[in-house]
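Below is one structure; the comments refer to it alone.
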Amino acid sequence: MDKKNENGEESVNKDGSICGYDSLHTILSANLKPHIYQEVSRLLHGLNCGKPLELVALSANGKALSFEHDFDLQGFCFRADKEFLREPRVVRVGLIQNSIVLPTTLHFLDQKKAIFQKLKLLIDAAGVSGVNILCLQEAWTMPFAFCTREKRWCEFAEPVDGESTQFLQELARKYNMVIISPILERDVNHGDTIWNTAIIIGNHGNIIGKHRKNHIPRVGDFNESTYYMEGNTGHPVFETAFGKIAVNICYGRHHPLNWLAFGLNGAEIVFNPSATVGELSEPMWPIEARNAAIANSYFVGSINRVGTEVFPNPFTSGDGKPQHKDFGHFYGSSHFSAPDGSCTPSLSRFRDGLLISDMDLNLCRQLKDKWGFRMTARYELYAEMLANYSKADYEPQVISDPLLHKKSP
């Protein structure tokens, strides 16, 4: 099998596993006849304005950084139809997925410093590639230690204006880039309360605002309520120099009303920074964000960390498995979804990566006009039903067949 993708770039890892901009794409393109491959690709990734997604011409400097530091770099373009009264509103958006660098047994300062050094290279690649809005993965400054239930990992928590924010503010100014930074936040003004928070840093290095994770998992190893509880910031949409953005942090992607609320508040791009493992969620990963993009007429950027993180002490969870020292494999596979149902191939399951997309935000309104979801929705009915459901004496609206329980003569 040819080990290069259609750009002539290597598409296998050093260990022989497939990478490139999408392992399935690589397999199919190498083994199927062109017309069959095109049809399979259409079914997998959809069509954008009736055509397959085009590749973005990536900068030589970005490619050089990708090659030198061995991370996946891919770029795709979402078009919109030409309009008579509006100019195109094209924004370049980036997603970064990465593994941690040092073993979790080493000093916390060394672990954090090593992650910063790695991220600096990936952010530089985004900057020289002209990215306008960049989103990092959930809790990017640390191992995803929330399975362990050990309180010492709280040391990674920091204020909104802490070390990681200051680090990113400099890069935001340097590259004129909005950066979404999901961290473990320590609210020093409210008794050192800890939150899972995304900080939005403006392209001038200013802090635009923050959003705290709305939905906290309590499933399998994901016992995150040991560290933080449900957020209290609602569903904010942040108006930036490059568009209106929102952040649906990790587990919130399983809740359709969470996606809906960001759309009702006017989001054009919703980012979903996550940390999720293959055994638990991988079949759902390519579906939920794409559904949300379609239903709410906005773009979605899905980011998942990559690698297996092993912790010093074994832990148990509610799934009945023997004690263990790792979550499982974080499968990467970051991707973009568009309101017309098209989506990009995913980044690698095994490598660090930067995914870039040019997207014309005019597509959001065009799909609202085409499908009329906002006009045909029955929000007043939903509001009434939810208000009733929230009451303690709620009775489900079920109409039983009168003959269902009738005794036979």
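When a residue number appears, it is its place in the shown sequence, counting from 1. Everything quoted here is computed from the prediction, not taken from an experiment.
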Nearest heavy-atom approach of Ala125 to Phe71 is CB-CZ, 3.6 Å
Does the Asp340 side chain pair with the main chain of Leu367, one donor and one acceptor, at a distance under 3.5 Å? no
Would you say Glu138 and Ser274 are linked by a side-chain donor-acceptor pair, where the criterion is simply a distance under 3.5 Å? no
Minimum heavy-atom separation for Ala295 and Phe373, please, with both atom names. O-CD1, 3.8 Å
Between Asp161 and Gln166, do the side chains contain an N or O donor and an N or O acceptor separated by less than 3.5 Å? no
Can you name the side-chain contact (heavy atoms from CB on, under 4.5 Å) partners of Lys151, sequence neighbours left out? Cys154, Thr226
Hey, is the main chain of Arg351 close enough, under 3.5 Å, to the side chain of Gln97 for a donor-acceptor pair? yes
Are the side chain of Ser334 and the backbone N or O of Asn304 linked by a donor-acceptor pair below 3.5 Å? yes
Under the ring-ring contact (aromatic ring centres under 6.0 Å, His included) test, which residues partner Phe242, sequence neighbours left out? none
Exceeds 12 heavy-atom contacts within 6.0 angstrom, atom CG of Leu404: yes
Does the Arg349 side chain pair with the main chain of Phe330, one donor and one acceptor, at a distance under 3.5 Å? no
Flag, side chain of Thr165 to backbone of Val160, donor-acceptor distance under 3.5 Å: yes
Do we see a donor-acceptor contact under 3.5 Å between the side chains of Asp221 and His324? yes
Could you check whether Arg89 pairs with Glu268 (Lys NZ or Arg NE/NH1/NH2 to Asp/Glu carboxylate O, under 4.0 Å)? yes
Check Val247, Asn265, Leu264 against Val237 for a side-chain contact (heavy atoms from CB on, under 4.5 Å) and give me the one that passes. Asn265
Are any of the side-chain heavy atoms of Gln397 and Met385 separated by less than 4.5 Å? no
Within the 3.5 Å criterion, strictly below it, is a donor on Trp140 or Ser181 matched to an acceptor on the partner's side chain? yes
Between Thr276 and Tyr251, a side-chain donor and acceptor under 3.5 Å: no
With sequence neighbours left out, what residues match Ser99 under side-chain contact (heavy atoms from CB on, under 4.5 Å)? Lys118, Val306, Asp352
Any Ile115 side-chain heavy atom under 4.5 Å of Ile100 side chain: yes
Please report the C-alpha distance between Asp124 and Lys120 in whole Å, then the side-chain angles of each, then the deciding distance to 0.1 Å, and finally whether the salt bridge (charged side-chain N to carboxylate O under 4.0 Å, His left out) criterion is met. CA-CA 6 Å; Asp124 283 339; Lys120 172 69 163 53; 2.8 Å; yes
Give the C-alpha distance, both sets of side-chain angles, the deciding distance and a yes or no for salt bridge (charged side-chain N to carboxylate O under 4.0 Å, His left out) between Arg212 and Asp187. CA-CA 11 Å; Arg212 291 167 173 163; Asp187 186 352; 3.4 Å; yes
Does any pair with a residue in residues 379-395 pass side-chain hydrogen bond (donor to acceptor under 3.5 Å, both in side chains), and if so which ones, sequence neighbours excluded? Arg378-Glu380
Taking the side chain as every heavy atom from C-beta outward, state whether Pro312 and Thr104 have any atom pair closer than 4.5 Å. yes
Can you check whether Leu403's main-chain N or O pairs, donor with acceptor, with Asp401's side chain at less than 3.5 Å? yes
If you take all heavy atoms of Asn98 and Arg305, which pair is closest and at what distance? O-CB, 3.6 Å
Name of the residue among Tyr227, Phe144, Phe108 meeting ring-ring contact (aromatic ring centres under 6.0 Å, His included) with Trp153: Phe108
Heavy atoms from other residues, nucleotides or ligands near CZ of Arg79 exceed 12 (cutoff 6.0 Å): no
For residues Pro159 and Ile183, report the shortest heavy-atom separation together with the two atoms involved. O-CD1, 4.2 Å
Quick one: side-chain hydrogen bond (donor to acceptor under 3.5 Å, both in side chains) pairs with a partner in residues 237-250, sequence neighbours left out? Asn248-Asn258
Check ring-ring contact (aromatic ring centres under 6.0 Å, His included) between His329 and all other residues, then give those that pass, not counting sequence neighbours. Phe350
Backbone of Arg92 reached by a side-chain donor or acceptor of Asn132 within 3.5 Å: yes
Heavy-atom side-chain proximity of Ile269 to Ile133 below 4.5 angstrom: yes
Would a 4.5 Å heavy-atom cut-off, applied to side chains only, mark Ile303 and Leu355 as touching? no
Under 3.5 Å side-chain donor-acceptor pair for Glu230 and His215: no
Between Thr344 and His335, do the side chains contain a donor N or O and an acceptor N or O under 3.5 Å apart? no
Do other residues, nucleotides or ligands put more than 12 heavy atoms under 6.0 Å from His254 NE2? yes
With a 3.5 Å distance limit and no angle check, can you tell me whether Asn206 reaches the backbone of Ile208 through a side-chain donor-acceptor pair? no
Are Glu150 and Asn313 close enough that a side-chain donor and a side-chain acceptor fall under 3.5 Å? yes
Check whether the ring centres of Tyr228 and Phe146 lie less than 6.0 Å apart, and answer yes or no. yes
Do Asn48 and Lys51 have side chains that approach each other closer than 4.5 Å (heavy atoms only, starting at C-beta)? no
Is the side chain of Glu158 donor-acceptor paired with the backbone N or O of Ser164 at a distance under 3.5 Å, no angle test? yes
Would you find more than 12 non-hydrogen atoms of other residues, nucleotides or ligands less than 6.0 Å from Arg365 atom CZ? no
Would you mind reporting whether Phe78 and Phe336 have side-chain heavy atoms less than 4.5 Å apart? yes
Would you check if Leu134 and Val178 make a side-chain contact, meaning some heavy-atom pair closer than 4.5 Å? no
Is Arg253 reaching over with its side chain to a backbone N or O of Cys250, donor-acceptor style, under 3.5 angstrom? yes
